[in-house]
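Here the structure is laid out as structure tokens; the discussion comes afterwards.
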Amino acid sequence: MDTHARLHETISALADGELAASELELAFAALDTEEGRQAWEAYRRIGDVLRSDRRGHELSADFDARLAACLAGEAASVPAPLSSVSAPGVPPGLAEPLEAGPLVQR
């Protein structure tokens, strides 16, 4: 995962109250950056809207279709997890055996 995505994931988890205590230092360091403060503000606003009882805007009739298309486009650009990739001739789910190389004396 790249640094930008990690920063946003950390700040999102902090905003949701789901951040592990071991990652608090990383989150606070991220909030010391301009990008981190902008991300915090965005996630805070999103949370405020999701928790709000007010419904200020009606969604357009095709909103769900457009959202699904955007998400499908993002999913198509994400590389496959390593667990689903196997070497030729190795059935999925089975680890390929490692070969030991020569030992190097120091």
Side-chain angles (χ1 to χ4, degrees):
M1 179 180 303
D2 69 2
T3 304
H4 176 79
R6 180 73 176 128
L7 177 136
H8 281 267
E9 182 179 292
T10 301
I11 292 174
S12 174
L14 178 66
D16 293 341
E18 298 177 356
L19 189 67
S22 62
E23 299 206 14
L24 282 173
E25 188 174 339
L26 175 64
F28 292 136
L31 291 173
D32 278 339
T33 68
E34 182 61 28
E35 182 181 2
R37 286 187 294 276
Q38 289 174 356
W40 173 261
E41 183 64 19
Y43 289 120
R44 186 192 62 77
R45 287 182 182 189
I46 290 167
D48 288 349
V49 169
L50 291 173
R51 289 183 294 276
S52 174
D53 289 336
R54 296 181 307 170
R55 302 217 186 336
H57 300 285
E58 291 296 320
L59 299 176
S60 64
D62 65 339
F63 174 81
D64 57 343
R66 288 184 296 120
L67 177 60
C70 287
L71 293 174
E74 286 182 14
S77 67
V78 174
L82 292 178
S83 63
S84 67
V85 178
S86 62
V90 177
L94 293 179
E96 185 174 354
L98 298 176
E99 294 182 21
L103 293 177
V104 177
Q105 297 292 326
R106 292 184 186 204

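For this chain, numbers begin at 1 and follow the sequence in order.
The environment of Arg44 atom CZ is dense: over 12 non-hydrogen atoms of other residues, nucleotides or ligands sit within 6.0 angstrom.
Here the CZ-CD distance, from Arg6 to Glu23, works out to 4.0 Å after rounding to the nearest 0.5 Å. With values rounded to the nearest 0.5 angstrom, Glu74 atom CD is found 6.0 Å from Leu71 atom CG.
For the pair Asp62 (side chain) and Ala65 (backbone), a donor-acceptor distance under 3.5 Å is absent.
Evaluation of the ring-ring contact (aromatic ring centres under 6.0 Å, His included) test over residues 19-45, restricted to residues two or more places apart or in two chains, returns none.
A 4.5 Å side-chain heavy-atom check between Thr10 and Leu14 finds every atom pair outside the cut-off.
In the hydrophobic clustering of ILVMFWY residues, with side-chain heavy atoms under 4.5 Å counting as a link, Leu26 and Leu7 come out apart.
Residues Leu31 and Gly36 come closest through the heavy atom pair CD2-O, 3.7 Å.
Salt bridge absent: Arg37 and Glu41 never bring a charged side-chain N and a carboxylate O closer than 4.0 Å.
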